[in-house]
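Input: a single structure, listed below in C-alpha coordinates.
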Amino acid sequence: QVQLVESGGGSVQAGDSLRLSCSISGRTFTPYGLGWFRQAPGKERDFVAVLGWSSDDTFYAGSVKGRFTISGDSGKNTIYLQMNNLAPEDTAVYYCAGGRLPVTASTWYDYWGQGTQVTVSS
(Lines give C-alpha, C1' and ligand atoms only; values in the text may rest on other atoms or scores of the structure.)
Protein backbone atom coordinates (compact mmCIF):
# COMPACT_ATOMS: atom_id res chain seq x y z
CA GLN A 1 0.00 0.00 0.00
CA VAL A 2 1.19 3.52 -0.85
CA GLN A 3 0.37 6.52 1.31
CA LEU A 4 0.80 10.17 0.33
CA VAL A 5 0.48 13.02 2.83
CA GLU A 6 0.55 16.69 1.77
CA SER A 7 1.48 19.66 3.93
CA GLY A 8 2.42 23.31 3.56
CA GLY A 9 -0.78 24.97 2.38
CA GLY A 10 -2.08 28.24 3.77
CA SER A 11 -3.45 31.70 3.07
CA VAL A 12 -1.15 34.23 1.41
CA GLN A 13 -1.22 37.48 -0.54
CA ALA A 14 -0.71 37.74 -4.28
CA GLY A 15 2.99 37.66 -5.09
CA ASP A 16 3.88 35.53 -2.07
CA SER A 17 5.43 32.06 -2.13
CA LEU A 18 4.61 28.69 -0.58
CA ARG A 19 6.28 25.29 -0.62
CA LEU A 20 4.08 22.22 -0.52
CA SER A 21 5.46 18.87 0.61
CA CYS A 22 4.24 15.34 -0.03
CA SER A 23 5.57 12.50 2.11
CA ILE A 24 5.54 9.11 0.38
CA SER A 25 5.45 5.71 2.07
CA GLY A 26 4.93 2.18 0.77
CA ARG A 27 5.76 0.59 -2.55
CA THR A 28 6.62 2.52 -5.68
CA PHE A 29 7.45 1.26 -9.16
CA THR A 30 9.71 2.13 -12.08
CA PRO A 31 8.68 4.04 -14.11
CA TYR A 32 6.75 6.01 -11.52
CA GLY A 33 5.11 9.39 -11.89
CA LEU A 34 4.67 11.79 -9.00
CA GLY A 35 2.36 14.70 -9.70
CA TRP A 36 0.59 17.70 -8.26
CA PHE A 37 -3.02 18.51 -9.13
CA ARG A 38 -5.41 21.18 -7.93
CA GLN A 39 -9.15 21.67 -7.76
CA ALA A 40 -10.92 25.00 -7.30
CA PRO A 41 -14.56 25.22 -6.14
CA GLY A 42 -16.95 24.25 -8.93
CA LYS A 43 -14.15 23.22 -11.29
CA GLU A 44 -12.53 20.00 -12.43
CA ARG A 45 -9.33 18.68 -10.92
CA ASP A 46 -6.51 20.07 -13.07
CA PHE A 47 -2.94 19.01 -13.68
CA VAL A 48 -0.22 21.25 -12.21
CA ALA A 49 3.15 19.48 -12.46
CA VAL A 50 4.65 16.00 -12.72
CA LEU A 51 8.04 14.45 -11.94
CA GLY A 52 9.41 11.21 -13.32
CA TRP A 53 11.06 9.70 -10.27
CA SER A 54 13.44 7.51 -12.27
CA SER A 55 14.32 10.22 -14.78
CA ASP A 56 14.96 13.96 -14.89
CA ASP A 57 11.68 14.60 -16.70
CA THR A 58 9.37 17.34 -15.45
CA PHE A 59 6.33 18.91 -17.05
CA TYR A 60 4.16 21.85 -16.01
CA ALA A 61 0.77 23.23 -16.83
CA GLY A 62 1.05 26.39 -18.90
CA SER A 63 -0.62 28.43 -16.17
CA VAL A 64 2.18 27.70 -13.67
CA LYS A 65 5.24 27.29 -15.89
CA GLY A 66 7.99 29.63 -14.79
CA ARG A 67 6.43 30.14 -11.36
CA PHE A 68 6.17 26.62 -9.88
CA THR A 69 8.91 24.01 -9.51
CA ILE A 70 8.45 20.32 -8.72
CA SER A 71 11.32 18.43 -7.11
CA GLY A 72 12.04 15.30 -5.11
CA ASP A 73 14.28 14.27 -2.23
CA SER A 74 14.98 10.55 -2.35
CA GLY A 75 16.60 10.56 1.09
CA LYS A 76 13.43 11.90 2.67
CA ASN A 77 11.09 10.09 0.23
CA THR A 78 9.34 13.39 -0.34
CA ILE A 79 8.32 15.54 -3.30
CA TYR A 80 7.86 19.30 -3.22
CA LEU A 81 6.04 21.99 -5.11
CA GLN A 82 7.69 25.39 -4.79
CA MET A 83 5.12 28.02 -5.73
CA ASN A 84 6.36 31.55 -6.41
CA ASN A 85 4.52 34.72 -7.43
CA LEU A 86 1.18 33.26 -6.43
CA ALA A 87 -1.98 34.75 -7.91
CA PRO A 88 -5.66 34.52 -6.88
CA GLU A 89 -6.20 32.11 -9.77
CA ASP A 90 -3.95 29.62 -7.94
CA THR A 91 -6.49 29.28 -5.11
CA ALA A 92 -7.45 25.61 -4.87
CA VAL A 93 -7.05 22.40 -2.92
CA TYR A 94 -3.72 20.91 -3.97
CA TYR A 95 -3.27 17.14 -4.15
CA CYS A 96 -0.19 15.02 -4.67
CA ALA A 97 -0.56 11.78 -6.59
CA GLY A 98 1.45 8.72 -7.53
CA GLY A 99 1.05 6.59 -10.64
CA ARG A 100 2.74 4.13 -12.92
CA LEU A 101 3.73 6.75 -15.48
CA PRO A 102 4.58 10.47 -15.36
CA VAL A 103 1.45 11.60 -17.17
CA THR A 104 -0.79 14.65 -16.90
CA ALA A 105 -4.22 12.97 -16.74
CA SER A 106 -5.49 12.45 -13.20
CA THR A 107 -7.24 9.20 -14.14
CA TRP A 108 -3.88 7.49 -14.59
CA TYR A 109 -2.84 7.97 -10.96
CA ASP A 110 -3.42 5.23 -8.41
CA TYR A 111 -2.67 6.95 -5.10
CA TRP A 112 -3.74 10.35 -3.77
CA GLY A 113 -3.09 12.46 -0.73
CA GLN A 114 -5.78 14.13 1.33
CA GLY A 115 -5.21 17.59 -0.14
CA THR A 116 -4.02 20.89 1.30
CA GLN A 117 -5.77 24.24 0.85
CA VAL A 118 -3.99 27.16 -0.81
CA THR A 119 -5.76 30.52 -0.74
CA VAL A 120 -4.31 33.58 -2.49
CA SER A 121 -5.82 37.01 -1.86
CA SER A 122 -5.35 40.07 -4.07
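Taking CG from Asn85 and CZ from Phe68, the interatomic distance works out to 9.0 Å, rounded to the nearest 0.5 Å. To the nearest 0.5 Å, the span separating OG on Ser106 from CD on Glu44 amounts to 8.5 Å. Note: Ile24 CD1 to Cys96 SG = 7.0 Å, rounded to the nearest 0.5 Å. Here the CG-OG1 distance, from Leu81 to Thr116, works out to 11.0 Å after rounding to the nearest 0.5 Å. Once rounded to the nearest 0.5 Å, the distance linking CG of Leu51 with OH of Tyr60 reads 8.0 Å. Between the CD atom of Gln117 and the OH atom of Tyr94 there is a distance of 9.5 Å, given to the nearest 0.5 Å.
Of the possible polar contacts, one joining the Glu6 side chain to the Gly115 backbone as a donor-acceptor pair under 3.5 Å is found. Put simply, the side chain of Asp16 gets close to the backbone of Gln13: a donor and an acceptor are under 3.5 Å apart. No side-chain donor-acceptor contact under 3.5 Å links Arg45 to the backbone of Gln39. Looking only at distances, no side-chain donor or acceptor of Thr91 sits under 3.5 Å from a matching main-chain atom of Thr119. Not a single donor-acceptor pair under 3.5 Å links the side chain of Thr107 to the backbone N or O of Ala105.
Of the N and O atoms on the side chains of Tyr80 and Arg19, not one donor lies less than 3.5 Å from an acceptor on the other residue. A side-chain donor-acceptor contact under 3.5 Å links Ser17 and Asn84.
Put simply, Ile79 and Val2 are part of the same group of oily side chains (I, L, V, M, F, W, Y) that touch within less than 4.5 Å, one to the next. No continuous path of hydrophobic side-chain contacts links Trp112 to Val5 [ILVMFWY only; heavy atoms under 4.5 Å]. Taking hydrophobic clusters as Ile, Leu, Val, Met, Phe, Trp and Tyr residues chained together by side-chain heavy-atom distances below 4.5 Å, Leu101 shares a cluster with Tyr109.
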Q | Residues Leu18, Leu86; criterion side chain to side chain contact (heavy atoms under 4.5 Å, CB included); working and verdict | A | CA-CA 8 Å; Leu18 283 173; Leu86 285 162; 4.1 Å; yes
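Between Leu4 and Gln114 the shortest heavy-atom distance is O-OE1, 3.9 Å. Considering all non-hydrogen atoms of both residues, Gly52 and Pro102 come closest at CA-CB, 4.0 Å. Minimum heavy-atom separation, Arg38 to Ser63: NH2-OG, 3.4 Å. Residue Ala40 comes nearest to Ala92 through the heavy atom pair N-CB, 3.9 Å, listed as atom of the first residue, atom of the second, then distance. Contact record, Pro88 with Ser122: CG-CB, 3.9 Å, taken as the closest heavy-atom pair.
The only member of Asp90, Val118, Val48, Val64 that meets side chain to side chain contact (heavy atoms under 4.5 Å, CB included) when paired with Met83 is Val118.
Within a 6.0 Å radius of CZ in Phe59, no more than 12 heavy atoms belonging to other residues, nucleotides or ligands are found.
By the 4.5 Å heavy-atom criterion applied to side chains, Trp36 and Cys22 are counted as neighbours.
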